Amino acid sequence: MKTLSMTSLLGGLMLFSAPAFATSTTSIPAFEASITAAKSPSSPGGTTVLRSEIRTALDAFLNDTGGVYGVDSAERAYLTTRLNDTPFQQSLTGTAAKYFADFYEVNDAVFTGYPLNLYPVTQTPAVLFGATGSFSSARIYEGYVPNGQGFANQQTLGEAFSNAFGPQASIFEPITVRELIGQLSVYSYNADEVEGAVAYITQISRNSNRLYTTGWSCRGCGAPGYTQGFAIAAVSTDRRFVRMISVTTYAD
């Protein structure tokens, strides 16, 4: 059995419980219930909704049952009203509002992926990150959606990941640079490697702040037995260019 660490294994397992299907008849009430709880004076942020709280609330659109995969058109219409609801938006912290906007953008209820072909980069992670360590075997691909043929939404990112790396990804969720540093730091104890990886990844998303993470698992993908890990996608300002990095955290 090969593993980065027990912490890595546990972290990987938490990353990607398999997403279910969503339907507005259950997801919208669940979202409203979460927001009500988040605005309670006894909640962590008091009457203000924190980033962690809006993330939990929005998960209702991904994790309930029935309907189509991911955010459907009815849910999208509801989220549009909330995006344009000034009092609601003012109840969110700045980082919470950013998460809501990022979630809304990538989950656009379009279920036909746009053409995004990812190809492996020529240099090794050690060269690109400027240090060796746990990410030396990471796989790095990048590519772009042809001009006028779409952009990187949820469906496109998922299809591109599967075509490039093999396994099916879980839902891609927005993250901040700080969250990216935290996630990478769990799997590498080399600070230089983490800093180098963050610099290389965010080179694509620096002006757009579009970073996403997902989990994956597979049997027979790159190893005889079961493997699992996570991926990071950095998306350019025009949402056409994507750099994606896949890291294996466990293999048997």
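Here the structure is a predicted model, which means the values were calculated and not measured. Heavy-atom basis, side chains included; hydrogens, waters and symmetry copies ignored.
- At least one side-chain heavy atom of L157 sits under 4.5 Å from a side-chain heavy atom of M244.
- Checked by atom type and distance alone, the side chain of R139 never pairs as donor or acceptor with a backbone atom of V247 at under 3.5 Å.
- Judged as a salt bridge (charged side-chain N to carboxylate O under 4.0 Å, His left out), and not counting sequence neighbours, E159 has no contacts.
- Side-chain atoms of T202 come within 3.5 Å of backbone N or O of V198 as a donor-acceptor pair.
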Tell me, with the steps shown, if S170 and W216 meet side-chain hydrogen bond (donor to acceptor under 3.5 Å, both in side chains).
CA-CA 6 Å; S170 184; W216 59 266; over 6 Å; no

Can you give each donor-acceptor pair under 3.5 Å made by side-chain atoms of residues 144-152, sequence neighbours left out, with the distance rounded to 0.1 Å?
none

Give the C-alpha distance, both sets of side-chain angles, the deciding distance and a yes or no for side chain to side chain contact (heavy atoms under 4.5 Å, CB included) between L211 and T176.
CA-CA 7 Å; L211 288 171; T176 64; over 6 Å; no

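- Not counting sequence neighbours, R76 has no partner by the salt bridge (charged side-chain N to carboxylate O under 4.0 Å, His left out) test.
- Contact record, A30 with A60: CB-CB, 3.8 Å, taken as the closest heavy-atom pair.
- No side-chain heavy atom of Y212 sits less than 4.5 Å from a side-chain heavy atom of I232.
- The backbone N or O of Y187 sits less than 3.5 Å from a side-chain atom of S134, completing a donor-acceptor pair.
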Pair R55, E173 - check salt bridge (Lys or Arg N to Asp or Glu O under 4.0 Å), show working.
CA-CA 9 Å; R55 175 186 286 161; E173 296 184 272; 5.2 Å; no

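- With hydrogens and angles ignored, the 3.5 Å screen pairs no side-chain donor or acceptor of T248 with any backbone N or O of Y250.
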Side chains of residues 86-95: which donor-acceptor pairs under 3.5 Å do they make with residues two or more places apart or in other chains?
residue: Q89; atom: NE2; partner: R82; partner atom: O; Å: 3.1
residue: S91; atom: OG; partner: F88; partner atom: O; Å: 2.5
residue: T93; atom: OG1; partner: T95; partner atom: OG1; Å: 3.3
residue: T93; atom: OG1; partner: A96; partner atom: N; Å: 3.2

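- Across every non-hydrogen atom of Q154 and N107, the tightest pair is NE2-OD1, 2.8 Å.
- Listed by first and then second residue, the side chain to side chain donor-acceptor pair (under 3.5 Å) pairs that reach into residues 44-54 are R51-E179, sequence neighbours excluded.
- No single ILVMFWY cluster, assembled from side-chain heavy atoms under 4.5 Å apart, contains both Y114 and F241.
- A donor-acceptor pair is defined here as one N or O able to donate and one able to accept, closer than 3.5 Å; such a pair exists between the side chain of T227 and the backbone of C218.
- S188 contributes atom OG, which lies 5.0 Å from atom CZ of F135 (distance to the nearest 0.5 angstrom).
- Considering all non-hydrogen atoms of both residues, T132 and A126 come closest at CG2-CB, 3.7 Å.
- Using modelled atom types, no side-chain atom of S208 and backbone atom of R239 make a donor-acceptor pair closer than 3.5 Å.
- For T80, the side-chain hydrogen bond (donor to acceptor under 3.5 Å, both in side chains) partners two or more places apart in sequence, or in a different chain, are Y104.
- In this structure, F172 CZ and R210 CZ are separated by 15.5 Å, a value rounded to the nearest 0.5 Å.
- Within the structure, salt bridge (charged side-chain N to carboxylate O under 4.0 Å, His left out) pairs that include any residue of residues 185-200 do not occur (at least two apart or interchain).
- Applying the side chain to side chain donor-acceptor pair (under 3.5 Å) definition to pairs two or more places apart or across chains, none involves residues 119-130.
- Side chain of T249 to main chain of Q228: a donor-acceptor pair is present (N/O by atom type, distance under 3.5 Å, no hydrogens or angles).
- Residues passing the side-chain hydrogen bond (donor to acceptor under 3.5 Å, both in side chains) test with K39, sequence neighbours excluded: none.
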For L79 and F103, run side chain to side chain contact (heavy atoms under 4.5 Å, CB included): C-alpha distance rounded to whole Å, both residues' side-chain angles, the deciding distance at 0.1 Å, then the answer.
CA-CA 10 Å; L79 290 173; F103 181 96; 4.0 Å; yes

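- Rounded to the nearest 0.5 Å, atoms CD1 (I35) and OG (S43) are 10.0 Å apart.
- Using a 4.5 Å cut-off between side-chain heavy atoms of Ile, Leu, Val, Met, Phe, Trp and Tyr, with links allowed through other members, V177 and I204 fall into different hydrophobic clusters.
- With rounding to the nearest 0.5 Å, the separation of OG1 in T156 from CZ in F111 is 12.0 Å.
- Closest approach of D72 and S24 over heavy atoms only: OD2-N, 3.9 Å.
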Could you go step by step and tell me if F129 and I140 meet the side chain to side chain contact (heavy atoms under 4.5 Å, CB included) rule?
CA-CA 11 Å; F129 301 163; I140 306 171; 3.9 Å; yes

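- Looking at N153, its side chain never comes within 3.5 Å of a backbone N or O of E105 through a donor-acceptor pair.
- In this structure, F161 has its ring center at least 6.0 angstrom away from the ring center of Y141.
- A 4.5 Å side-chain heavy-atom check between N163 and N117 finds every atom pair outside the cut-off.
- Although no hydrogens or angles enter the test, the distance criterion places no donor-acceptor pair under 3.5 Å between the side chain of N190 and the main chain of G133.
- Identified under the salt bridge (charged side-chain N to carboxylate O under 4.0 Å, His left out) test for residues 88-99, with sequence neighbours left out: K98-D102.
- To the nearest 0.5 Å, atoms CG (L180) and CG (L184) are separated by 4.5 Å.
- Looking only at distances, a side-chain donor or acceptor of S185 sits under 3.5 Å from a matching main-chain atom of I181.
- Evaluation of the salt bridge (charged side-chain N to carboxylate O under 4.0 Å, His left out) test over residues 140-149, restricted to residues two or more places apart or in two chains, returns E142-R243.
- No side-chain heavy atom of V194 sits less than 4.5 Å from a side-chain heavy atom of Y189.
- Taking CG of L58 as the reference point, atom OG of S27 lies at 10.5 Å (rounded to 0.5 Å).
- Residues that satisfy the ring-ring contact (aromatic ring centres under 6.0 Å, His included) test with Y78, not counting sequence neighbours, are F31.
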